[in-house]
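Reading through the structure tokens given below for one structure.
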Amino acid sequence: MSAAAVTPMVDADRVHKRFGRNEVLRGITLSVAPGEVMCLLGPSGSGKSTFLRCINHLERVDAGELRVDGELVGYREASGKIYEQKESEVARDRSHIGMVFQRFNLFPHKTALGNVIEAPMMVLNLSRTEATDRGRALLDRVGLLDRCDAYPAQLSGGQQQRVAIARALAMEPKLMLFDEPTSALDPELVGDVLAVMRQLVDDGMTMVVVTHEIGFAREAGDQLVFMDEGVVVEQGDPREVIASPQHERTKAFLSKVL
């Protein structure tokens with residue numbers, strides 16, 4: 001199959017999103033191929049996190065089209081018309097997309113293993129034995145098998161974030177979204193989370209990552225996209241954009257974070 005025939009895992013075409021009078025996304029057009037890692041950089045309020053939330057329909061797109069693996073996000077096509085999906089249909093589609101937030105959003109009353117096995121049992125109808133085997137394997141993968149019986153309050157922020165990654169992977173997603181996954185962590189805990197993410201890159205996971213970790217973007221990214229005020233200002237090979245940005249706004253931003 002030629003490269004041109006490969007269906008993008010994420011395909012955004014002139015995507016707009018507004019909250020009241022505030023137009024947060026102003027015509028975003030981006031494409032992520034299967035197995036690619038796209039890193040989104042930009043100042044606070046530039047629309048990065050909103051775009052990420054639109055990908056799995058946590059936010060509705062107001063105009064334009066957004067597709068994941070060839071399918072419209074949150075809508076379906078029939079007889080030449082587009083209809084909004086039922087919430088149950090959206091939830092089904094969303095189960096194929098893993099998302100890791102800034103804040104870990106773990107169930108405080110469940111152990112690390114309990115957090116990881118909940119969705120596979122409830123959504124995928126795995127037996128407790130199957131879910132537990134999968135959950136233990138994933139906690140081992142993120143270096144936390146020895147903490148499987150610990151509750152979130154007994155874990156560091158970095159450990160909680162690695163549990164959150166294991167929880168997302170438990171659904172065997174075809175796409176992983178990361179919304180500044182290290183921004184809430186103490187600096188000494190960032191490395192362990194980035195190491196897990198690098199392993200996912202090595203495993204060929206398709207990822208869209210909102211981050212300020214320039215080193216990760218340079219080393220692990222296939223595309224770097226710089227956003228500001230709801231538009232794509234610059235995009236390209238991460239090493240090239242970081243080394244010699246072409247747009248003055250990109251230069252100004254990178255000068256502050258490098």
Side-chain angles (χ1 to χ4, degrees), residues 10-32 36-68 73-74 94 97-105 157 161 164-165 168 175-187 189-190 193-194 197 207-218 220-238 240-242 244-258:
V10 179
D11 193 15
D13 181 24
R14 295 165 292 179
V15 168
H16 289 254
K17 175 64 185 177
R18 66 171 61 247
F19 296 101
R21 295 183 178 180
N22 183 22
E23 192 170 18
V24 179
L25 300 178
R26 299 189 290 139
I28 300 293
T29 296
L30 293 171
S31 181
V32 185
E36 266 194 342
V37 178
M38 174 182 281
C39 293
L40 302 179
L41 297 183
S44 296
S46 59
K48 310 180 303 296
S49 294
T50 297
F51 178 64
L52 212 64
R53 292 172 65 86
C54 287
I55 293 175
N56 66 353
H57 206 58
L58 289 175
E59 301 289 353
R60 287 184 175 87
V61 168
D62 291 323
E65 284 192 356
L66 188 50
R67 295 175 184 268
V68 172
V73 174
R94 192 181 287 142
I97 303 172
M99 186 156 184
V100 179
F101 299 86
Q102 282 185 38
R103 298 290 174 178
F104 325 118
N105 295 349
Q161 193 61 293
I165 293 173
L175 170 67
M176 284 285 285
L177 310 176
F178 291 86
D179 189 6
E180 298 194 42
T182 60
S183 64
L185 302 180
D186 292 333
L189 302 177
V190 168
V193 173
L194 291 181
M197 293 173 64
M207 296 161 58
V208 182
V209 184
V210 173
T211 184
H212 291 301
E213 299 290 340
I214 303 298
F216 176 84
R218 182 193 293 116
D222 296 295
Q223 294 189 62
L224 186 148
V225 174
F226 177 70
M227 291 177 60
D228 191 26
E229 297 184 347
V231 300
V232 173
V233 175
E234 188 166 348
Q235 71 182 107
D237 180 277
E240 294 177 5
V241 174
I242 292 167
S244 55
Q246 300 300 301
H247 196 283
E248 289 301 321
R249 185 67 187 90
T250 316
K251 292 178 184 178
F253 177 81
L254 289 173
S255 72
K256 295 176 181 177
V257 298
L258 286 175

Checklist entry - Looking at Ala168 and Gly98, what are the two nearest heavy atoms and their distance? => result CB-CA, 4.1 Å

Checklist entry - Does any N or O in the side chain of Lys48 come within less than 3.5 Å of the main-chain N or O of Phe226, such that one atom is a donor and the other an acceptor? => result no

Checklist outcome for this item: In this structure, CZ of Phe253 is separated from NE2 of His247 (nearest 0.5 Å) by 14.0 Å

Item to check | Spatial distance of atom CZ (Phe19) from atom OG1 (Thr50) [nearest 0.5 Å] | outcome: 4.5 Å

Next on the checklist: Is it the case that the side chain of Arg14 and the backbone of Gly64 share a donor-acceptor pair, with hydrogens and angles ignored and the cut-off at 3.5 Å?
Outcome noted: no

Checklist entry - Which value, rounded to the nearest 0.5 Å, describes the distance between Leu194 atom CG and Thr211 atom OG1? => result 7.0 Å

Checklist entry - What's the spacing between His212 NE2 and Leu40 CG if we round to 0.5 Å? => result 10.5 Å

Checklist entry - Do the non-hydrogen side-chain atoms of Val61 and Leu25 ever get within less than 4.5 Å of each other? => result no

Item to check | Non-hydrogen atoms of Ala217 and Cys39 that approach each other most closely | outcome: CA-SG, 3.7 Å

Item to check | Thr250 side chain reached by Leu254 side chain, heavy atoms, under 4.5 Å | outcome: yes

Checklist entry - Got more than 12 heavy atoms from elsewhere within 6.0 Å of CD, Glu229? => result no

Checklist entry - Looking only at heavy atoms, which two atoms of Ile55 and Val73 are closest? And how far apart? => result O-CG1, 3.3 Å

Next on the checklist: Does Leu52 form a side chain to side chain contact (heavy atoms under 4.5 Å, CB included) with Met99? I'd like the steps, not just the answer.
Outcome noted: CA-CA 9 Å; Leu52 212 64; Met99 186 156 184; 4.0 Å; yes

Checklist entry - Side-chain contact, heavy-atom cut-off 4.5 Å: Ile242 with Leu258? => result yes

Item to check | Set of side chain to side chain donor-acceptor pair (under 3.5 Å) partners for Arg249, sequence neighbours left out | outcome: Asp228

Item to check | Validation row: Phe51, Val210 side chains within 4.5 angstrom (heavy atoms) | outcome: no

Next on the checklist: Once rounded to the nearest 0.5 Å, what's the spacing between atom CE of Met197 and atom CE of Met207?
Outcome noted: 4.5 Å

Item to check | For the student: nearest non-hydrogen atoms of Val100 and Met176, plus distance | outcome: CG2-CE, 4.0 Å

Checklist entry - Say you draw a straight line from OG of Ser31 to CD of Gln235; how long is it, rounded to the nearest 0.5 Å? => result 9.5 Å

Item to check | Side-chain donor-acceptor pair present, Glu234, Gln246, cut-off under 3.5 Å | outcome: no

Checklist entry - Below 4.5 Å, heavy atoms only, C-beta onward: do Leu30 and Val32 meet side chain to side chain? => result no

Checklist entry - Is a donor on one side and an acceptor on the other found under 3.5 Å between the side chain of Asp179 and the backbone of Gln102? => result no

Next on the checklist: For a side chain to side chain contact (heavy atoms under 4.5 Å, CB included) check, start with the C-alpha distance between Leu41 and Ile214, then their side-chain angles and the critical distance, and finish with the verdict.
Outcome noted: CA-CA 9 Å; Leu41 297 183; Ile214 303 298; 3.6 Å; yes

Next on the checklist: When you compare the side chain of Val24 with that of Glu59, does any pair of heavy atoms fall below 4.5 Å?
Outcome noted: no

Checklist entry - Should Val232 and Thr29 count as side-chain neighbours, where that means a heavy-atom distance under 4.5 Å? => result no

Checklist entry - Side chains of His57 and Leu66: closer than 4.5 Å at any heavy-atom pair? => result no

